[in-house]
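Side chains are part of it too, since the values below use all heavy atoms of this structure and drop only hydrogens, waters and symmetry mates.
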Amino acid sequence: MQTFKTVLVNPSRRDLIKRLAVIGALGSSGLLQSVSLYGMSVEKSAGQLAGNSTWKEEEHYDALRRAMLWRVNAPERYPDVIVQASSEQEIQQALQFATENDLQVVCRSIGHNTAGAVLRNGGMLLDISSMSDISVDAKQMTALVQPGLNMHYCYQKLAEHGLIFPLAECHGVAMGGYLLGGGLPPVSHVWGKGPACYSIISADVILANGEKVVASKDENADIYWAIRGVGPGFFGVVSRYQLQLYQHPETIMQSSFIFSLDVLPDVISILDKLLAVKDERTAINLALIKDPDSTSTTVARLKIIVVANRPGNSEAEAKQLLAPYAQSNLSSLSTSRRMNQVIQFADLMYSPDRSYRNNSNNIWTNDARALLAIVEHYKKMPADSELLLALSHGRNTGIQRKDACYSSAGLHFLSSHLLWKGAENDDANNSWYKELNEILYPFATSHYVNQLDNEQHPSRIRASFSEENWQRLTTVRKKYDPDNRFFSYLGFE
């Protein structure tokens, strides 16, 4: 949470080493919101560089470089300078310095992007994670948020007013990158009728030339269109969002089932048939996991979550939404079940153990049997590794909007996150995970740009957008960043 900020002023070398020693504890706990304790102001050849800056040749550079990412296995890419800006003025000055020194720029709010796209070879990494303010207008049901604001703190502040936003499930994800890439909340249609970016009212954007503009449906509409789904290839810096908020749900209820893998085809068949009655307030998540009672047996876990808002009768409404699943054959196929549990939205959020090495990827697909295709390969996973693989059944984010470039297409969303420890295990895990994605790729209709390993598969960035939107993005980028001051998508530099 942002209350754990530390600022070091003119640190001595001994103090700096002490603080670098705690980087592992801070990073793995997910509390590393701002890493300004590493920065020192440095003047280089073309004038004063505002904010805290750390250059490649400095002693503590690599520790800071690694702290820019949420995962341990940082790619071997090295920016020339890391600049930590805490205000719009410092962002503008950093961009001016980049222009005068012909440095390309990539912006970071928390560094949760799957491929580690904030790390590029050369150029400037502009870290704005310390910009994490939030201001709530409960009467108008809107909020002003800065890009470094994380999900956990945002939820707490909104809940104080009985309000909510379609937030991510992971505590440490920041608003900046989450919204730029579209933003997939646990239940996609309850708030905003689609991805979180549909609930952006406006944004303050600093362009490559240092100009600050407001982007909304009525002002700079092409920039507004771009920030709603563009992902890590954006051609500017969003310094503040204005967001539409929603009433906090009266009741969130969950039913869960455990199945052996041999009945998984029947489970998917039942879920496919139930799509005809699936309510937009319902989220269905089917995952392969290690059996809680066994370290070697793999099982399938189904979670069905519903959100109800009927005052005074929300629990009855939630049970009614869950009834089709309770009345199906899911119960008879399951080895255990827990029905109609009332939970809190905070129960859907988690803080991952960031001491693990990680590979992540995803596909959108129209065929839920994609999950069946990897079952045998799942059993061959390297020992002591974990795979968080989940099929969000019927998660289609709805009709694509003309005022948003977000255009991922598919009925179901299938995401995978492979976790392991030790660099000595990299080759085995990378090889196994590569094969997993080769099995899944023929099922893909599209991808979600925020969880895409475009380092390994840069062509899949383009497949995250409709062809029309991709062409328009190219045109808009040339208009606002003709000199390519900002790095494009990883693999497209």
### Task
Please determine which of D279, T251, L321 meets the side-chain contact (heavy atoms from CB on, under 4.5 Å) test together with V306.
L321
### Which residues share a ring-ring contact (aromatic ring centres under 6.0 Å, His included) with H161, sequence neighbours left out
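Per chain and number, H161 pairs via ring-ring contact (aromatic ring centres under 6.0 Å, His included) with no residue.
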### Task
Just jot down the ring-ring contact (aromatic ring centres under 6.0 Å, His included) partners of W225, sequence neighbours excluded, or say none.
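Residues passing ring-ring contact (aromatic ring centres under 6.0 Å, His included) with W225: none at all.
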Side chain to side chain donor-acceptor pair (under 3.5 Å) with [X]: which residues, sequence neighbours excluded?
| X | value |
| --- | --- |
| R472 | none |
| S446 | none |
| N366 | none |
| R401 | D403 |

### Query
Taking only residues two or more places apart in sequence, or in another chain, which ones meet R338 in a salt bridge (charged side-chain N to carboxylate O under 4.0 Å, His left out)?
none
### Message
Test side chain to side chain contact (heavy atoms under 4.5 Å, CB included) on E169 and Y350; report intermediate values, then the result.
### Response
CA-CA 6 Å; E169 294 166 275; Y350 66 96; 3.9 Å; yes
### Residue pairs, two or more places apart or on separate chains, that pass ring pair (Phe, Tyr, Trp, His ring centres under 6.0 Å) and touch residues 106-141
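Residue pairs with at least one partner in residues 106-141: W70-H112.
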### Query
For residues 356-365, which residue pairs qualify under salt bridge (Lys or Arg N to Asp or Glu O under 4.0 Å), counting only residues two or more places apart or in two chains?
R357-D426
### Message
Taking side chain to side chain contact (heavy atoms under 4.5 Å, CB included) as the definition, give me every residue that meets it alongside R240, ordered by chain and number, with sequence neighbours left out.
### Response
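In terms of side chain to side chain contact (heavy atoms under 4.5 Å, CB included), with neighbours along the sequence ignored, R240 is linked to L144, Q146, D204.
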#### Entry: K193 to Y198 six-membered ring, cation-pi geometry met (6.0 Å, 45°)
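Because its charged atom misses either the 6.0 Å distance or the 45° angle limit, K193 does not stack over Y198.
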Pair up each side-chain donor or acceptor in residues 208-217 with any protein partner under 3.5 Å, not counting sequence neighbours, and list the distances.
from: N209; atom 1: OD1; to: E211; atom 2: N; distance (Å): 2.9
from: K212; atom 1: NZ; to: E88; atom 2: OE1; distance (Å): 2.9
from: K212; atom 1: NZ; to: E88; atom 2: OE2; distance (Å): 3.2
from: S216; atom 1: OG; to: D218; atom 2: N; distance (Å): 3.3
from: S216; atom 1: OG; to: E219; atom 2: N; distance (Å): 3.2

Side-chain donor-acceptor contacts of residues 438-445 below 3.5 Å, not counting sequence neighbours, with atom names and distances?
from: T445; atom 1: OG1; to: W364; atom 2: O; distance (Å): 3.0
from: T445; atom 1: OG1; to: A409; atom 2: O; distance (Å): 2.6

### Message
Looking at N362, is its backbone amide N or carbonyl O close enough to the side chain of H447 to form a donor-acceptor pair, meaning the two atoms are under 3.5 Å apart?
### Response
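Yes, H447 side chain to N362 backbone: donor-acceptor pair under 3.5 Å.
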#### Entry: Near-ring test Y155/F345, centroid separation under 6.0 angstrom
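Yes, they do, as the ring centres are separated by less than 6.0 Å.
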